[in-house]
Enquirer: 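Have a look at this one before I ask anything.
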Amino acid sequence: MKKAVIGFGIFGVYLIYSLGIRHQQPVIPKPADLLSSSNTKSGGSTSTSAATSNTTAATAAPPSSPPANSSKYKDGTYIGSVADAYYGNVQVSVSISNGRITNVKFLQYPNTHSTSVYINQQVMPYLQQETIQTQNANVQLITGATFTSQAFVQSLQAALNKA
Amino acid sequence: MGMPITVEIVGTKDQAPFDKLFGYFRQVDRRFSPYKEQSELMKYNRSEGTAKLSSEMEEVLALCKQTKEISGGYFDISRSDGTLDPSGLVKGWAIDNAAKILKSEGLSNFYVEAGGDIQTEGLNDQYEPWIIGIRNPFNLQEVVKVIKLSGQGVATSGTYIRGEHIYNPLNDHRSPSGVSSLTVIGPNIFEADRFATAAFAMGKKGISFIASLPGFEGYQIDNIGHATFTQGFKAYVV
């Protein structure tokens with residue numbers, strides 16, 4: 001739970017930071033492009049779907065420094081677009097009160113091990129990575145893509161020639 | 001089936017189970033071979049789907065249809081010329097059936113392997129789980145991971161040996177790219193093999209598909225020797 005709180009805290013900092021940055025940029029997305037119909041109050045703010053980059057900005061802005069133009073945000077709850085975080089989708093909602101972010105909720109986040117088998121669902125499997133290394137252990141048998149004899153290759157080629 | 005088959009049974013000198021098993025594999029080959037003109041499959045394809053089917057063929061075709069649905073269309077035995085080739089499922093299905101034959105004979109410590117797909121049962125002659133190496137797709141003499149199995153099946157789909165041979169029906173008939181080999185551990189070899197085939201056709205997304213299947217683990221090696229594996233895979237690593 002503590003990790004989740006810290007995680008939300010970091011994410012919140014990033015949101016504040018990114019909202020601030022957005023307002024320094026010449027092109028500000030129109031609310032209508034970003035917000036869904038579930039605004040609880042009249043829109044006028046931006047929402048964000050930061051997906052995987054939240055950790056990179058963790059130290060960019062201290063928690064105590066609100067964005068300079070935070071008053072431009074109108075109060076309400078806004079839902080961000082769905083962002084592809086490679087292993088699943090991320091979607092957040094952000095609540096603004098008195099021009100400040102008061103809450104960030106993850107509507108979709110890649111952390112469930114689904115029991116469904118359909119590939120098009122929102123699923124975040126836990127995946128790990130490594131560089132392959134040759135092993136010297138004795139093995140009794142080997143799994144690999146089909147080992148084929150030369151005869152089989154010829155047979156296959158013959159079949160392919162017919163195809 | 002045009003590929004080597006190995007069977008090891010612990011604690012028996014009886015030849016009969018081996019004979020029975022290889023007889024079964026020959027029967028499967030006669031029925032399902034896409035290379036034998038007189039196989040039931042080839043006759044069926046020539047009849048354009050009108051020939052009467054054996055119960056085994058009906059079962060396999062139904063399982064292919066089910067696998068296609070579960071995999072979101074990535075597992076597809078339909079060929080561009082309108083014929084069917086269920087080879088991507090038959091091997092695992094046949095190994096699984098062979099293992100059931102051995103079990104029905106009262107045998108409980110063995111493995112059945114065909115073309116790199118393996119069903120394990122019980123323990124080896126050292127009273128340990130069966131020790132299996134995952135072949136290095138870049139050097140076929142090498143093993144890059146060693147796993148131990150007892151009761152599960154393991155299958156590997158890859159681009160080596162035959163080249164990129166697994167057909168991706170959703171990708172304009174081009175081969176999937178980015179993945180050199182995908183090894184799948186499943187509750188049995190039938191399940192492991194069919195989902196390894198389907199997931200491999202998905203390219204780099206394949207490992208995520210495997211991770212979404214309860215009871216399955218996977219080890220995927222990309223084209224530059226980087227592996228991505230599911231969370232539970234480590235439990236099988238020696």
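Numbered from 1 within each chain, the chains take letters A, B, ... in sequence-line order. The structure displayed is predicted, hence computed values, not measured ones.
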Enquirer: In Å, rounded to the nearest 0.5 Å, how long is the span from CG of Leu141(A) to CD1 of Ile118(B)?
Expert: 4.0 Å
Enquirer: If you measure from the Lys or Arg side-chain nitrogens to the Asp or Glu carboxylate oxygens, is any gap between Glu130(A) and Lys234(B) under 4.0 Å?
Expert: no
Enquirer: May I ask you to decide if Gly116(B)'s main-chain N or O and Thr143(A)'s side chain share a donor-acceptor pair within less than 3.5 Å?
Expert: yes
Enquirer: Search all heavy atoms of Gln135(A) against all heavy atoms of Lys145(B) and return the closest pair with its distance.
Expert: CG-N, 3.6 Å
Enquirer: Under 4.5 Å heavy-atom distance to chain A, tell me which part of Ile134(B) shows up: side chain, backbone, both or neither.
Expert: both
Enquirer: Which residues pass the side-chain hydrogen bond (donor to acceptor under 3.5 Å, both in side chains) test with Arg46(B), not counting sequence neighbours?
Expert: Glu37(B)
Enquirer: Can you give me the closest heavy-atom contact between Ala227(B) and Ile132(A), atom names plus distance?
Expert: CB-CG2, 3.8 Å
Enquirer: With a 4.5 angstrom heavy-atom cut-off, which part of Gln133(A) approaches chain B: side chain, backbone, both or neither?
Expert: backbone
Enquirer: With a 4.5 angstrom heavy-atom cut-off, could you sort out which part of Ala155(B) is near chain A: side chain, backbone, both or neither?
Expert: backbone
Enquirer: Mind checking side-chain hydrogen bond (donor to acceptor under 3.5 Å, both in side chains) for Trp93(B) and listing every partner two or more places apart, or none if nothing turns up?
Expert: Glu59(B)
Enquirer: What part of Phe233(B) gets closer than 4.5 Å to chain A, counting heavy atoms only: side chain, backbone, both or neither?
Expert: neither
Enquirer: Tell me, side chain or backbone of Asn138(A) under 4.5 Å from chain B's heavy atoms, or both, or neither?
Expert: backbone
Enquirer: Count the heavy-atom pairs under 4.5 Å between each of Asn136(A), Val139(A), Thr131(A) and chain B, then report the option with the highest count.
Expert: Val139(A)
Enquirer: Between the side chain of Gln140(A) and the main-chain N/O of Ile131(B), is any donor-acceptor distance below 3.5 Å?
Expert: yes
Enquirer: Does the side chain of Thr134(A) come within less than 4.5 Å of Val143(B)'s, by heavy atoms?
Expert: no
Enquirer: List the steps and the verdict of side-chain contact (heavy atoms from CB on, under 4.5 Å) for Ile132(B) and Ile142(A).
Expert: CA-CA 5 Å; Ile132(B) 298 160; Ile142(A) 290 181; 5.9 Å; no
